[in-house]
Amino acid sequence: MLNREEAIIRIKQLRETLSESNRLYYIENAPVLSDFEFDSLMKELSDLEKQYPDLVTHDSPTQHVGSDLSGSRSGSREFAQYPHRYPMLSLGNTYDIAEVEAFVERASKSIGNGSAFTFSCELKFDGTAICLTYRKGVLFRALTRGDGTIGDDVTENVRHIGNIPQKLSGTGFPDEFEIRGEIYMPYEAFDRLNEERERDEDPPFANPRNAASGSLKLIDPAEVGHRGLECTLYHMLGENLPFETHDQALNAAKSWGLPVSDKRRICRNIAEIEEYINFWDTERKFLPFATDGIVIKVNELPYQRDLGYTAKFPRWAVAYKFKAEQALTKLLSIDYQVGRTGAVTPVANLEPVQLSGTVVKRASLHNSDQMELLDIRIGDYVYVEKGGEIIPKITGVELSKRGSDVSLPHFPECCPDCGTVLVRDEGEAKYFCPNSDGCPTQIKGKLLHFISRKAMNVIAGDATVEQLFNLGLVKDPADFYSLAKEDLLRLDGWKERSAQRFLDSLETSKKVTFDHVLFALGIRYVGESTAKELASYFRNIDALAAASREELLQVEDIGEVIADSLVAYFKDARHLDMISRLKAAGLRFETEHEEGPVSDALKGKTIVISGNFSISRERMKQLVAAHGGKNSGSLSGKTSFLLAGEKPGPEKMKKAGTLGIPVMSEEDFMKMISDGNRPAGMPESTDKKQLTLF
């Protein structure tokens, strides 16, 4: 037991760790702690706060749920936000069946030992929480959990999830009600998405939950529809609902066409609850989606109301969490794969083993440092884990089973494809093949990336690229547009019709917008969102190619690594020649023509935007440009003013104060552009030492 001074230090450490973990989990979709590790730290903090109740503060992670509000994330799309009619709380978690027994005893005691009541036991889907509101049988609004009080409005994105009805069927539904549940990504869709991301050398999602959460916040609602998301609903709320039990409410929801799980069961006592838990602890391995536990709820709604809530959890429900699933299997060999950007990744080939709904045959070893840390050998028996249903990873070696026939793996010094000596940049965990324009695997990877759906969207795949490359017909993306029908008829199995479809697809690709073309070039570190930012900022490829490192760093979300990569790419004469040939083929290398500036109210001004506004942030940037201003992503001595909405970034506000940069409100900004004059108090020279306007 810690004394008071020790407790103060430990509480501070736990709060910092848990708050950062919440941010990474809910906002960045990049968890660093397993569910078990997070829950263990949360329990330790809760126990210390119970021991020293005077140390409890309102901002402690024990006092509120994690927040996924879009405004918490720098550079993310800004969604409109609305308050929840009823607070959207989380559930108390336990990994100990004894605590489930204690929950049942508490409920019995509170309700009255002589009262008859039941429990609804349900699978705990591992996705992202959603709250749907239906009015007159039509989907009205969809909100994320947010901070439990306010949520992001993702209605347009939710309309593209196939099993969520836009209009209810049947009869008897209330004029207005809420129904809550989980949006999740089935394993099949998750694997398909990560394969696509790995081909593009984007970081894969850690697990289906993160993939679902990230997909729900996509800018393009149509893209949400491509992600294969599904929904299961499990809790109905509303005024004067005509149900006596939770089970009745869900059965009614199902009759209206709403997606409700068919895996739930009504249990009468702890024995039946434990039987249900034990059954699914085994059978979950064969489900097509991720589930990380069982939720046990008091079924009768009047008793739920009697039991009530704590500040953070309902007292009428508890979640029993399964421990991370783990399997022991043999490491057969290690492959070293070369990606399109030259990164070399070791991949373990395993004896097939069943794990969380899939048969696992391969698992990433990430890099050479990870291999050394594990002290792994070919022929070892290794532990493979999907903690919280994450991508299979090797977590350890069972040394007691290490035989005399094992062999030490050696990370290659040269590229396994072209033989070029590998390099490892300072600060990089991975080795790279620097022969980007001569390594066959990298070339084919770039070609495949170029024609992919998110890039040029040409109708072709791996086999086509492989044949075109092997026949010497295509060596860089510009060669696609020189292909003739006679060339294509040389490919195995290709006839007139398939050749013409491919050529028609190439012709259609010439209409793809500049940002997609830029992404298609496959410049290292330039993903979809970065390509959009660059295209919007520079407007055409010539301006981007001529930009200095310093100019690139002025673009929002462009750091030193991306800037250096862009400078190096456009210094290479081969790349400039390829772009010239793509231009000649008719591809778009500039943004569509727009009318001239609406006014010159912002002429000569460089403006940084931060916070939430009455309109989208993208629209606010368009207004800056339309009135002659220049958008920038970072504050510097050249910044004219910081345009700050609600909840602006604290670091930007702090830096603005340090540099003496004025801070302007949305109201003053709108006045400035509407009348072409300065708002009251804004000096003509925008002297940074004068009054802040916010």
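From a predicted model like this one, the values you see are computed outputs, not experimental measurements. As a basis for the values below, the full set of heavy atoms in this structure was taken, side chains included, without hydrogen atoms, waters or symmetry mates.
- Nearest heavy atom pair, residue A478 against residue L582, reads CA-CD2, 3.5 Å.
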Open item on the list: Apply salt bridge (Lys or Arg N to Asp or Glu O under 4.0 Å) to residues E590 and K583 and explain how you reach the verdict.
Closed with: CA-CA 10 Å; E590 61 182 8; K583 279 185 180 179; over 6 Å; no
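- Looking at E551, its side chain does come within 3.5 Å of a backbone N or O of S548 through a donor-acceptor pair.
- Within 6.0 Å of NZ in K630 there are 12 or fewer heavy atoms belonging to other residues, nucleotides or ligands.
- Between F514 and I541 there is a side-chain heavy-atom pair separated by less than 4.5 Å.
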Task: Candidate pair R159 and E156, rule salt bridge (Lys or Arg N to Asp or Glu O under 4.0 Å), full reasoning - done: CA-CA 5 Å; R159 293 189 194 280; E156 290 310 307; 3.3 Å; yes
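- Residues L643 and V608 fail the side-chain proximity criterion, which asks for heavy atoms closer than 4.5 Å.
- Minimum heavy-atom separation, M620 to I609: CG-CD1, 3.8 Å.
- Closest heavy-atom contact between A535 and T591: O-CG2, 3.5 Å.
- In this structure a side-chain-to-backbone donor-acceptor pair under 3.5 Å is missing from K652 to L635.
- A cation-pi arrangement is found for R524 relative to F432, the charged atom lying closer than 6.0 Å to the ring centre and inside a 45° cone about the ring normal.
- H575 contributes a side-chain N or O that, together with a main-chain N or O of Y569, makes up a donor-acceptor pair within less than 3.5 Å.
- Of all non-hydrogen atoms in L229 and L216, the two that sit nearest each other are CD1-N, 4.4 Å.
- Below 30°, between 30° and 60°, or above 60°: for Y481 and F450 the angle between ring planes is above 60°, a perpendicular geometry.
- Here the side chains of Y525 and T530 are not in contact, with every heavy-atom distance at 4.5 Å or above.
- Of all non-hydrogen atoms in V512 and A455, the two that sit nearest each other are CG1-O, 3.9 Å.
- Judged purely by atom type and a 3.5 angstrom limit, H84 uses its side chain to pair as donor or acceptor with the backbone of T144.
- Distance alone, capped at 3.5 Å, places no donor-acceptor pair between the D476 side chain and the M578 backbone.
- Between the side chain of T639 and the backbone N or O of F641 there is no donor-acceptor pair closer than 3.5 Å.
- Of the possible donor and acceptor atoms, one in the side chain of T658 sits under 3.5 Å from a partner among the backbone N and O of K654.
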- [ ] I would like to know whether K454 and E528 meet salt bridge (Lys or Arg N to Asp or Glu O under 4.0 Å); could you show each step before the answer?
- [x] CA-CA 8 Å; K454 292 183 180 179; E528 283 183 274; 3.5 Å; yes
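- In terms of heavy atoms, L45 sits closest to S60 at CD2-OG, 3.8 Å.
- Under a cut-off of 6.0 angstrom, the local environment of CD in Q337 is crowded, with over 12 non-hydrogen atoms contributed by other residues, nucleotides or ligands.
- Remark: the backbone N or O of L89 is paired with a side-chain donor or acceptor of R145 at under 3.5 angstrom.
- Distance check, rounded to the nearest 0.5 Å: CG of L521 to CG of L587 gives 9.0 Å.
- Remark: K510 NZ is packed, more than 12 non-hydrogen atoms of other residues, nucleotides or ligands lying under 6.0 Å away.
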Task: Verdict with reasoning, K393 to S364, per side-chain hydrogen bond (donor to acceptor under 3.5 Å, both in side chains) - done: CA-CA 6 Å; K393 66 177 181 180; S364 174; over 6 Å; no
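- Taking the ring axis of Y431 as reference, the NZ or CZ atom of R424 stays within 45° of it and closer than 6.0 Å to the ring centre.
- Here the CD atom belonging to E550 is positioned 9.5 Å from the CD atom belonging to Q554, to the nearest 0.5 angstrom.
- Interatomic distance, NZ of K605 versus OG of S640, reported as 6.0 Å (0.5 Å rounding).
- Counting heavy atoms from C-beta on, the side chains of D437 and I443 never come closer than 4.5 Å.
- The closest side-chain heavy-atom distance from F570 to L576 is below 4.5 Å.
- Ring-plane geometry between F519 and H449 is classed as perpendicular, the angle between the planes exceeding 60 degrees on a 0 to 90 degree scale with a lower cut at 30.
- Cation-pi geometry between R209 and Y184 is not satisfied (NZ or CZ under 6.0 Å from the ring centre, within 45° of the ring normal).
- A donor-acceptor pair under 3.5 Å is absent between the side-chain atoms of D600 and the main chain of K603, judged by distance alone.
- Between E223 and R453 there is a salt bridge, since a side-chain N of the basic residue sits under 4.0 Å from a carboxylate O of the acidic one.
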